[in-house]
Amino acid sequence: MMEKKKKSGRNSEQISQIMRNVHSSGTKPENSFLTALQSAGISVDVSRHDVTGKPDFVLNGKHIAVFIDGDFWHGRQWLIRGLTCLEAQFQESKNSAYWVQKIRRTISRDIAYTAQLTDSGWKVLRIWESDLKKNVESYISILQSAVEDTAVSAPQFQPEKKTAAEFFAGIGLMRAGLEQVGWKVVFANDIDIHKQNMYIDQFSDDNNLFVLDDIYHLRSEQIPNTLLATASFPCNDLSLAGKRAGLGGQHSSAFWGFIHILSDMAERRPALLLIENVPGFLTSHNGEDFITALQALNDLGYSTDAFMVNASHFTPQSRLRLFIAATRDDYVHTHSAQGSISIDALQPSAVRPTAVLQHIRSNPQIHWRIQPLPDPPLRSQTLADIAAETPENEAHWWSSARAQKLLDSMQPRSRSEADAMAARPEWSYAAIFLRTREGKPHAEIRTDGLAGCLRTPRGGSARQIIMKAGSGNIYMRLLTPLEAAKLQGVGGYRLNQSNHRLLFGFGDAVCAPVITWIAQYYFEPLVQELIHGKLLIGCY
């Protein structure tokens, strides 16, 4: 790589003097900045509509495009106002949906146009209008350096590309969720060949991005530069239903393989992380495992955040999961700090309940970066909507004798609810989960319109049962792979493997719409900040 030329232009004091002499009162930010550029001796073309995205300025003789983005039109005003999301900015407006949709389209175009420019050899500087008013000198300095340097280091990752590496990828539902909002997974890894087969069935990647191997055997050079890395590491030793061996257990200790990879990647480690696991992670070994994991991320230069999301907000499945989001201090924090929330200002919410807040507030030694999140949406779909549309030829209803045997195994409360459903004139649906306690089967029923949390069908006791009742009749059958896919938010998933393999894959996966929601409301504002305030350079 070529060394940079020694700068020979104006020093910071000379630039400051120029700025003091620039009169910007009563002018648009673009005009004020243009005057400042000209005063600094930087020649520009104005409003180059022949360039992708129509930048406000293009530096003469250089492939450098400059955009001045208004906070309202480009989707930052809600952050400045301390709101939880873009929708909150327009909650009093009669045209809320129109404005949110319009501004989200603008955000998507900003990211896409920036990627197109950097791909074609341009350098791009996007500046927030509110930042320009406060930091004119720094942006002049950035452009002066860009004009005078003959070589610029290639970046480790490009935020405008929205690329991701998917560790513990399973059947790819993390990827399915990310792709809904424009992310591109360029690397996936898992140790299970059956999950790899499902993944390849679904995504049909031609570039062999899925690496089948133990995470401890991966080499850092196998992993491409990405903006985001996700990790849904095994929950066996953290689950309340397990032996609670914690991060030192045989399965959940795979977390340390992920940490090892990040460490080996050194300066190439991603700017953003998303780690997913069961709520039991929060309390494993009295909370020590959770804090140990956060400290390990801090030691690698990441600030951390924690929140919980239940799939029941998106699909009719009760599936609460804990998420850790992490941002690289030396990259993310060099940009605007806009959007982070002080710990003192945090209040219990749907995504940060008291249990999460207690860990945040009682561990000041952890380097936290808490980002605003709205409450998840209200779900409109019920279990009946999914079960009723399952083709009858796929249902495999049980014999009356088998159904009666399960009814007889129910505790009085569950049996009473089943009988009440059967007594109604209309059909209704419920989920039944068969547990074994002290060697005896025990059937539990839920009639709240939700399925229980999908699990892997180990030992035959984890597979859920669908009950259809009405007009004096009760029918039962096992949950189908198609229904499991719909409960995980991927009804169009290709079901080319055996039922057992499919149910195992879905039971071990994330709920895709939850990931889409996190990507849109947590990571999209971060990407917006990351494409602003710094000269973006393509890897070409």
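Along the sequence shown, residues carry numbers from 1. Being a predicted model, the structure only gives us computed values, none of them experimental.
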For the atom pair [atom1] ([X]) and [atom2] ([Y]), what is the distance rounded to the nearest 0.5 Å?
X	Y	atom1	atom2	result
D69	H532	CG	NE2	3.5 Å
F523	L274	CZ	CG	4.5 Å
I140	F33	CD1	CZ	4.0 Å
D71	L132	CG	CG	10.5 Å
E87	I103	CD	CD1	10.0 Å
S232	E166	OG	CD	8.0 Å

Close side-chain approach of [X] and [Y], heavy atoms under 4.5 Å:
X	Y	answer
E276	T230	no
F90	N95	no
P377	F314	yes
R321	V510	no
D329	R369	no
L535	I64	yes
L143	F57	no
I386	P316	yes

(Q) Take a 6.0 Å sphere around CD of Q250 and say whether it holds more than 12 heavy atoms from other residues, nucleotides or ligands. (A) no
Are R76 and D131 ion-paired here, with the side-chain N under 4.0 Å from a carboxylate O?
-> yes
Are the side chain of [X] and the backbone of [Y] linked by a donor-acceptor contact shorter than 3.5 Å?
X	Y	value
D264	I261	no
D508	T456	no
E30	D56	no
H285	G246	no
R328	P270	no
S96	Q91	no
D190	G170	yes
N236	H251	no
S284	G280	no
S252	P234	yes

N/O donor-acceptor pairs under 3.5 Å from side chains in residues 171-186, not counting sequence neighbours:
from: R175; atom 1: NE; to: E179; atom 2: OE2; distance (Å): 2.8
from: R175; atom 1: NH1; to: Y199; atom 2: OH; distance (Å): 3.3
from: R175; atom 1: NH1; to: D205; atom 2: OD1; distance (Å): 3.4
from: R175; atom 1: NH1; to: D205; atom 2: OD2; distance (Å): 2.7
from: R175; atom 1: NH2; to: E179; atom 2: OE2; distance (Å): 3.4
from: R175; atom 1: NH2; to: D205; atom 2: OD1; distance (Å): 3.1

Residue set satisfying salt bridge (charged side-chain N to carboxylate O under 4.0 Å, His left out) with E288, at least two apart, ordered chain then number -> none
The salt bridge (charged side-chain N to carboxylate O under 4.0 Å, His left out) partners of R319 (sequence neighbours excluded) come to none
Considering non-hydrogen atoms only, spot the tightest contact between [X] and [Y] and give its length.
X	Y	result
A512	V490	CB-CG1, 3.8 Å
P525	W78	CG-CZ2, 3.7 Å
L454	A484	CD1-O, 3.6 Å
A431	A451	CB-CA, 3.9 Å
G533	L125	C-CD1, 4.1 Å
L320	P279	O-CD, 3.2 Å

Requested in this report: Test R268 against E221 for salt bridge (Lys or Arg N to Asp or Glu O under 4.0 Å), laying out the working first.
Outcome: CA-CA 10 Å; R268 293 198 308 113; E221 57 265 27; over 6 Å; no
Side chains of T106 and H74: any donor to acceptor distance under 3.5 Å? no
Are the ring centres of F157 and Y331 closer than 6.0 Å?
yes
Test side-chain contact (heavy atoms from CB on, under 4.5 Å), reference N189, set D214, I215, L209, output is I215
Pair L282-M308, side-chain contact (heavy atoms from CB on, under 4.5 Å): steps then yes or no: CA-CA 10 Å; L282 200 65; M308 287 181 169; 3.7 Å; yes
Exactly one of Y522, W517, Y521 clears ring pair (Phe, Tyr, Trp, His ring centres under 6.0 Å) with F307, and that residue is Y522
The side chain to side chain donor-acceptor pair (under 3.5 Å) partner of K161 among T226, D119, T118 is D119
So I366 and N298, side-chain contact (heavy atoms from CB on, under 4.5 Å) or not? Walk me through it. CA-CA 7 Å; I366 297 298; N298 285 176; 3.5 Å; yes
>> side-chain contact (heavy atoms from CB on, under 4.5 Å) for I127 and I68? Distances and angles first, verdict last.
In response: CA-CA 5 Å; I127 307 172; I68 313 297; 4.0 Å; yes
What is the ring orientation for F506 with Y493, classed by angle as parallel under 30°, tilted 30 to 60°, or perpendicular over 60°?
perpendicular
R81 to F72, cation-pi by 6.0 Å centre distance and 45° axis angle:
no
| Does the side-chain contact (heavy atoms from CB on, under 4.5 Å) test come out yes or no for K486 and Q381, once each step is laid out? | CA-CA 11 Å; K486 290 178 178 179; Q381 194 180 44; over 6 Å; no
